[in-house]
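Here's the structure we're looking at; comments come further down.
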2 protein chains.
Amino acid sequence: MVFMRLGASPDTFRPRGHEAKRLSIVDAAAGVFCREGFAGANIDLIAAEAGVSRQTIYNHHGDKEKLFVAVVRDLTERCNAGIFATIATFPDQPNDLEVDLVGFAVRLNQNCICNRDGKFLRKLIQTEGERYPELFAEWREQGPGRTWPAIAARFARLAYGGYLDIEDPDVAARQFLGLVNAELQTTFMLGGTPRENEVLQSATNGVRTFLRAFGKRRTVAPVDKQSAIASA
Amino acid sequence: MVFMRLGASPDTFRPRGHEAKRLSIVDAAAGVFCREGFAGANIDLIAAEAGVSRQTIYNHHGDKEKLFVAVVRDLTERCNAGIFATIATFPDQPNDLEVDLVGFAVRLNQNCICNRDGKFLRKLIQTEGERYPELFAEWREQGPGRTWPAIAARFARLAYGGYLDIEDPDVAARQFLGLVNAELQTTFMLGGTPRENEVLQSATNGVRTFLRAFGKRRTVAPVDKQSAIASA
DNA sequence: GACGATTTAGACAAGACTGTCTAAATTTGT
DNA sequence: ACAAATTTAGACAGTCTTGTCTAAATCGTC
């Protein structure tokens with residue numbers, strides 16, 4: 001993305017302004033599609049928010065529907081990257097299991113679910129999912145279809161390492177997500193963004209219950225997990 | 001609703017056909033608003049699906065926005081009634097705690113969340129919630145604001161009766177809902193309706209984890225809760 | 001069967017939106 | 001500074017939608 005000086009095939013790489021405009025169009029379109037829905041989204045408004053003329057949008061994307069598809073693909077890609085980056089921070093060899101899992105849950109929420117991209121993608125899936133079955137089937141495969149098993153694998157490793165007592169890692173992974181988000185459901189429904197301390201609270205409560213259900217009952221006791229009750 | 005013979009002020013009560021049309025309009029409008037969104041909803045289409053003429057819709061509701069508000073109010077009212085009716089079936093004196101809680105969770109899902117009204121209301125909240133803050137604030141008060149405490153109270157009673165080991169009934173109630181729906185999230189996102197066995201599976205897994213976390217560890221043992229491991 | 005209220009079909013004006021087109025202005029690479 | 005490509009502003013046709021209006025048809029009740 002940064003090279004392209006070098007004179008390498010100057011007709012393949014478009015000028016920098018071109019890509020910059022493409023990005024600002026897709027960005028603005030994401031916001032407007034989310035706020036107004038596909039039918040209510042106004043191309044002139046998108047153009048104004050992107051700081052380009054309407055014609056430029058048509059030059060780049062052809063028509064409204066193609067623009068919408070581009071928006072969803074972009075969001076899916078970025079969100080997936082964020083989720084996998086966060087999964088890489090999963091505590092495979094936890095020091096303090098409760099604290100580490102809470103940290104993981106908070107990172108997942110803040111970096112992937114509550115951020116701009118996550119919020120927008122979620123809303124577009126909810127509002128337009130039924131209208132573009134194949135597009136969102138693709139999202140389902142690329143998104144939950146790949147991230148959930150990845151999280152499940154991490155929990156399986158944790159169980160194998162003696163930190164947890166889990167029968168079905170897939171079920172445990174889904175329940176982990178359900179628990180740490182249990183208190184944010186209403187906010188998500190209305191399209192709001194929970195505040196940091198709400199996210200932390202929900203994650204803390206969720207992880208605590210998760211460990212009550214799946215934590216080893218002081219049998220192996222991996223390390224020392226005394227000071228795990230630090231709250232805010 | 002059934003009386004109105006008796007000649008009591010014949011100009012106050014409209015003919016029966018009138019109310020019937022009002023209902024079929026609101027019904028059809030709910031479906032169209034959900035499928036197409038507020039902006040995409042077409043009054044002519046609503047009229048056609050309701051089996052009335054466009055003018056009748058304007059006679060009844062004035063304009064598109066008022067019709068939308070009427071739809072949301074109707075759905076909220078019906079859903080609330082269903083939820084409270086289901087909460088009334090909560091197992092206060094469980095015979096088999098796992099079986100009884102699974103049954104309650106399944107009833108809640110089938111009668112309140114996965115049925116037509118629940119699905120429609122959820123989608124309207126998600127798609128149009130930001131556009132009508134005061135309308136959905138009202139829903140929030142009437143809906144989650146009243147049903148969640150009601151469920152929490154039932155869990156508190158269960159804890160008081162020695163069936164559960166719960167610190168915060170409100171947290172437990174939210175986590176209960178999060179757990180029993182953990183496996184249905186993706187389906188809900190895309191607006192789909194989970195099949196009966198998926199609902200049962202998710203509820204069973206969720207209740208099992210819930211009881212691993214909050215079930216009494218054979219201390220008081222209220223009655224005989226031996227055969228609580230019966231599965232499907 | 002007759003009366004009053006409601007509903008219907010269709011026409012209609014006013015406005016909004018998409019997507020195209022053109023000529024001028026701007027940017028980019030050399 | 002020059003030439004090519006891109007962007008811009010605006011006009012434009014065509015379509016769609018909302019909400020109103022009117023006259024005829026239908027319904028419910030006595």
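Keep in mind that the numbers below use all heavy atoms, side chains included, and drop hydrogens, waters and symmetry copies. Sequence lines set the chain letters: A, B, ... in the order given, protein chains first and strands last, and positions in each chain run from 1.
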- Query: In chain order, what residues pass the salt bridge (charged side-chain N to carboxylate O under 4.0 Å, His left out) check against B/R122, with sequence neighbours excluded?
  - Reply: none
- A/E65: what forms a salt bridge (charged side-chain N to carboxylate O under 4.0 Å, His left out) with it, not counting sequence neighbours? none
Can you give each donor-acceptor pair under 3.5 Å made by side-chain atoms of residues 32-43 of chain A, sequence neighbours left out, with the distance rounded to 0.1 Å?
{"from": "A/R35", "atom 1": "NH2", "to": "A/E49", "atom 2": "OE2", "distance (Å)": "3.0"}
{"from": "A/N42", "atom 1": "OD1", "to": "A/D44", "atom 2": "N", "distance (Å)": "2.7"}
{"from": "A/N42", "atom 1": "OD1", "to": "A/L45", "atom 2": "N", "distance (Å)": "3.3"}

List for me each residue that meets ring-ring contact (aromatic ring centres under 6.0 Å, His included) alongside [X], sequence neighbours excluded, and say none if there are none.
X	value
A/F188	none
B/F120	none
A/F104	A/F90

- Compute the bend angle of the helix from C/dG1-D/dC30 to C/dT30-D/dA1 from the end axes (five pairs per end), rounded to 10°.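 The end-segment axes of the helix from C/dG1-D/dC30 to C/dT30-D/dA1 are tilted 50° relative to each other.
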If I take atom [atom1] in residue [X] and atom [atom2] in nucleotide [N], what distance separates them, rounded to the nearest angstrom?
X	N	atom1	atom2	answer
B/E36	D/dC16	CD	P	15 Å
A/K66	C/dG19	NZ	C1'	11 Å
A/E19	D/dA5	CD	P	18 Å
A/K21	D/dA5	NZ	P	19 Å

- Message: Among residues at least two apart in sequence or on other chains, which ones pass side-chain contact (heavy atoms from CB on, under 4.5 Å) with A/T209?
- Response: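 Partners of A/T209 under the side-chain contact (heavy atoms from CB on, under 4.5 Å) test: A/L179, B/Q175, B/A213, B/F214.
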- Task: State which residues pass side-chain contact (heavy atoms from CB on, under 4.5 Å) with A/N111; sequence neighbours excluded, sorted by chain then number.
- Result: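 With sequence neighbours excluded, A/N111 shows a side-chain contact (heavy atoms from CB on, under 4.5 Å) to A/T86, A/R107, given in chain and number order.
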- Message: At a heavy-atom distance below 4.0 Å, what parts of residues 49-61 of chain B sit against DNA chain D?
- Response: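 Here the set is B/R54, B/Q55, B/Y58.
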Taking only nitrogen or oxygen atoms into account, show me every contact under 3.5 Å that the protein makes with nucleotides 15-17 of chain C, one pair per line with its distance.
{"from": "C/dC17", "atom 1": "OP1", "to": "A/N42", "atom 2": "ND2", "distance (Å)": "3.1"}
{"from": "C/dC17", "atom 1": "OP2", "to": "A/N42", "atom 2": "ND2", "distance (Å)": "3.3"}
{"from": "C/dC17", "atom 1": "O5'", "to": "A/N42", "atom 2": "ND2", "distance (Å)": "3.3"}

- Message: Strictly by ring pair (Phe, Tyr, Trp, His ring centres under 6.0 Å), give each pair with a member in residues 44-65 of chain B just once, sequence neighbours left out.
- Response: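 Residue pairs with at least one partner in residues 44-65 of chain B: B/H18-B/H60.
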- Answer with yes or no whether the side chains of A/N197 and A/Q201 bring together a donor and an acceptor at under 3.5 Å. no
